[in-house]
Amino acid sequence: MQTNDRERDRESTPLSTVVRVRSLLPSLPPAERRVAQRVIDDPEGVANSTITELAQTCGTSETTVIRFCRAIGFHGYPELRLTLATEAGRAQSAAGGRVIGSDISPDDSLEQIVEKVTFADARAVEETASQLDIKMLEQVVDAVVAADRVDVYGVGASAFVAADFQQKLHRIGRVCSAWADAHIMLTSAAVLKTGDVAIGISHTGATVETIDAMEVARSRGARTVALTNFPKSPIAEVADLILTTAARETTFRSGATASRLAQLTVVDCVFVGVAQRTYGPTRKALEATFEAVRGRTVRPDRRRR
């Protein structure tokens, strides 16, 4: 991609530099990845560093720093520094001058844990919304609306997100299944056909089971959609359409906390888009399903006094 194309892409997308760098991190060469990690860990420090200081800190060369800048859409290091400084000032202003880290330390009080967790979750949702490609989202909604069948694949924490999406679509009368078992994912993908949609959910974009199922689904003619935090991850290679989140998992990454909420945000956007496109049938289905479960709540006279 030419420099002016990268710049146009960057300017057309409102996501912050740190969010963009984080999403590209796994696809960068090792030396550039060290520079990227420094930008993610301490954007203000990078903004206040010369190119020589940053290169020394990262154990690399000034040429590598320049290559990194161009890889993420900047002309050079001065532009990166200025952008990071501007974004840091804007973030501090929005936070009322408070600086809240999302890493949990052993000495944090429960009150601090609550503050950090809620801050990280809110940021994940806000940053995911800010970088969501609306045109791509529209194509995904179109595909789901037109689909005869939708299969959703996800393992681990992503399986819960897949199940949530399946429940939502099923309630408005869409034929949808969510699978988390590797063998069942493959067998379900093997019977998909042209006109069906397969959606693979993976925060890292590197989950082998999900990628394999997507590959089989694509070979059968199904439209494939990936939901991932990293647009250049392996799952992108088997996806016709890609939706991205912008979540950062830190100390307790294995808990998949912020990433799960970011995925649910995107899933909700797809669901509401589908529901809006099929407003009449959706409303009837919601009324019918509500009526079906309305009597399944505890009546006031059965509550303990």
* Report the C-alpha separation of Thr245 and Thr265 in whole Å, then their side-chain angles, then the decisive distance to 0.1 Å, and conclude whether the side chain to side chain contact (heavy atoms under 4.5 Å, CB included) test is met. => CA-CA 9 Å; Thr245 55; Thr265 298; over 6 Å; no
* To do: Using the rule that two of Ile, Leu, Val, Met, Phe, Trp, Tyr join whenever any of their side-chain heavy atoms come within less than 4.5 Å, decide whether Ile199 and Ile184 are in one cluster.
  => no
* Going hydrophobic residue to hydrophobic residue with side-chain gaps under 4.5 angstrom, can you get from Val197 over to Ile172? -> yes
* **Thr63: partners by side chain to side chain contact (heavy atoms under 4.5 Å, CB included), with sequence neighbours left out** => Ser61, Arg67
* Shared hydrophobic cluster, Val141 / Leu227 (ILVMFWY, side-chain heavy atoms < 4.5 Å) -> yes
* Note, Arg220 side chain near Val191 side chain (heavy atom, < 4.5 Å) -> no
* **Heavy-atom side-chain contact between Glu53 and Asn48 under 4.5 Å** => no
* Has the side chain of Arg174 got a donor or acceptor atom that lies under 3.5 Å from a matching backbone atom of Val145? -> yes
* Asked: Is there a donor-acceptor contact under 3.5 Å linking the side chains of Thr64 and Glu32?
  -> no
* Do Arg171 and Phe290 touch side chain to side chain, with heavy atoms closer than 4.5 Å? -> yes
* Atom CE in Met136, atom CG in Leu241: separation rounded to 0.5 Å? -> 5.5 Å
* Asked: Run the side chain to side chain contact (heavy atoms under 4.5 Å, CB included) check on Ile134 and Glu138 step by step: do they pass?
  -> CA-CA 6 Å; Ile134 302 302; Glu138 187 173 16; 5.5 Å; no
* Asked: Got more than 12 heavy atoms from elsewhere within 6.0 Å of CD, Glu62?
  -> yes
* **Arg81 side chain vs Ser49 backbone, donor-acceptor pair below 3.5 Å** => yes
* Asked: Do Ile201 and Thr210 come close enough that some side-chain heavy atom pair is under 4.5 Å?
  -> no
* Asked: Does the side chain to side chain contact (heavy atoms under 4.5 Å, CB included) test come out yes or no for Thr52 and Gln56, once each step is laid out?
  -> CA-CA 6 Å; Thr52 302; Gln56 290 176 346; 3.8 Å; yes
* Asked: Met185 versus Glu209: any side-chain heavy-atom pair under 4.5 Å?
  -> yes
* Indicate yes or no: does Asp196 engage Lys193 in a salt bridge with an N to O separation below 4.0 Å. => yes
* Asked: Which atom pair, heavy atoms only, marks the closest approach of Thr204 to Phe230?
  -> O-CD1, 3.5 Å
* Asked: For Gln131 and Thr244, what are the C-alpha separation, side-chain angles and deciding distance, and is it a side chain to side chain donor-acceptor pair (under 3.5 Å)?
  -> CA-CA 8 Å; Gln131 60 82 58; Thr244 54; 2.5 Å; yes
* Structure fact -> CG of Asp133 to NZ of Lys135, rounded to nearest 0.5 Å, is 8.0 Å
* Asked: Any donor-acceptor pair under 3.5 Å linking the side chain of Thr228 with the backbone of Ser202?
  -> yes
* Asked: If you look at every heavy atom in Ser259 and Ala247, which pair is closest and at what distance?
  -> CA-CB, 3.5 Å
* Looking at side-chain heavy atoms only, is the closest gap between Gln139 and Arg223 below 4.5 Å? -> yes
* Please assess Thr207 against Ser158 for the test side chain to side chain contact (heavy atoms under 4.5 Å, CB included), listing each intermediate value before the final yes or no. => CA-CA 10 Å; Thr207 307; Ser158 294; over 6 Å; no
* What's the shortest heavy-atom distance between Ile51 and Tyr77, and which atoms? -> N-CE2, 3.3 Å
* Derivation of the side chain to side chain donor-acceptor pair (under 3.5 Å) call for Thr17 and Glu87 -> CA-CA 8 Å; Thr17 300; Glu87 291 175 352; 3.1 Å; yes
* Atom pair OG1 (Thr60) and CG (Leu54), whose distance is rounded to the nearest 0.5 Å -> 9.0 Å
* With rounding to the nearest 0.5 Å, note down the distance linking CD1 in Ile235 to CD in Glu215. => 11.5 Å
* To do: Name all pairs fulfilling the side-chain hydrogen bond (donor to acceptor under 3.5 Å, both in side chains) condition that reach into residues 142-153, sequence neighbours left out, sorted by first residue then second.
  => Asp142-Arg277, Arg149-Asp151, Asp151-Trp179, Asp151-Ser188, Tyr153-Ser188
* Asked: Is the shortest heavy-atom distance from the side chain of Val144 to the side chain of Leu169 under 4.5 Å?
  -> yes
* Should Ile66 and Leu24 be regarded as members of a common hydrophobic cluster, given that ILVMFWY residues are connected when their side-chain heavy atoms come within less than 4.5 Å of each other, either directly or indirectly? -> yes
* Going by atom types alone, do Gln37 and Asp41 pair a side-chain donor with an acceptor below 3.5 Å? -> yes
* Minimum heavy-atom distance between Ile242 and Pro231, given as atom pair plus value -> CD1-O, 4.1 Å
* Structure fact -> Smallest heavy-atom separation, Val21 atom then Ala36 atom, equals CG1-CB, 3.5 Å
* **Lys168, NZ atom: more than 12 neighbouring heavy atoms under 6.0 Å** => yes
* Report the distance from atom CD of Gln263 to atom CZ of Phe160, rounding to the nearest 0.5 Å. => 12.0 Å
* **Salt bridge flag under 4.0 Å for residues Arg22 and Glu127** => yes
* Output the distance between atom SG (Cys58) and atom CZ (Arg38), rounded to the nearest 0.5 Å. => 6.5 Å
* Whether Gln167 side chain and Ala163 backbone form a donor-acceptor pair below 3.5 Å -> no
* Asked: For the residue pair Ala159 and Ala180, what are the closest heavy atoms and their distance?
  -> CB-CB, 3.8 Å
* Residues Glu287 and Lys284 bridged, charged N to O under 4.0 Å -> no
* Asked: Should Val216 and Val238 be counted in the same cluster of Ile, Leu, Val, Met, Phe, Trp and Tyr side chains packed under 4.5 Å apart?
  -> no
* Does some side-chain heavy atom of Val274 sit less than 4.5 Å from a side-chain heavy atom of Phe271? -> no
